[in-house]
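I have placed the structure first, in the form of structure tokens, so that the comments after it can refer back to it.
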Amino acid sequence: ASRLGSMAEIIEDGVTGKLFEPGNPRELANHVLWMHEHPEECRQMGLNARKAYEERYTAARNHELLLSIYQEAMKDSQRAIHC
């Protein structure tokens, strides 16, 4: 993915994928060639990416995070009422 926007934050270069500078077709081509020549490393990056997805981005994980935010907000409002 290009190092642009959220993709640069989501992908860990060389661990869960490869990042290239936007507007740099040579770097993109080099990454594509590298991936073609290193299928096992690509497979491992894919496995790493899937693990990261399951830990951070599934609907269940987002639901957990949202509930946690609501619970903290409710605690804060209760503290404010009792002060």
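For the numbers below, each heavy atom of this structure counts, side chains included, while hydrogens, waters and symmetry mates do not. For the single chain, residues carry numbers from 1 onward in sequence order. Nothing here was measured: the structure is a model prediction, and the numbers come from that model.
- In this structure, His36 contributes its side chain and Val32 its backbone to no donor-acceptor pair below 3.5 Å.
- Take Arg3 and apply the side chain to side chain contact (heavy atoms under 4.5 Å, CB included) test, not counting sequence neighbours, and it matches Ala8, Asp13, Leu19, Glu21, Pro22, Glu27.
- Listed by chain and residue number, nothing satisfies the side chain to side chain donor-acceptor pair (under 3.5 Å) test with Asn24 (two or more places apart in sequence, or in another chain).
- The closest side-chain heavy-atom distance from Thr16 to Tyr53 is not below 4.5 Å.
- The salt bridge (charged side-chain N to carboxylate O under 4.0 Å, His left out) test applied to Glu72 returns Lys75, not counting sequence neighbours.
- Residues satisfying the side chain to side chain donor-acceptor pair (under 3.5 Å) criterion with Arg56, sequence neighbours excluded, are absent altogether.
- Residue-environment remark: OH (Tyr57) exceeds the threshold of 12 foreign heavy atoms within 6.0 Å.
- Annotation: side chain of Cys42 is in contact with side chain of Trp34 (closest heavy-atom distance under 4.5 Å).
- Residues satisfying the side chain to side chain contact (heavy atoms under 4.5 Å, CB included) criterion with Val15, sequence neighbours excluded, are Glu12, Asn48.
- Between the CG atom of Asn30 and the CE atom of Met35 there is a distance of 13.0 Å, given to the nearest 0.5 Å.
- Glu64 and Arg61 are joined by a salt bridge, as a carboxylate oxygen and a charged side-chain nitrogen come within less than 4.0 angstrom of each other.
- For the pair Met45/Lys18, a side-chain contact is recorded, criterion being any heavy-atom separation below 4.5 Å from C-beta on.
- Between atom OG1 of residue Thr58 and atom CG of residue Asn62 there is a gap of 6.5 Å, rounded to the nearest 0.5 Å.
- In this structure, Glu41 has no side chain to side chain donor-acceptor pair (under 3.5 Å) partners at least two apart in sequence or on a different chain.
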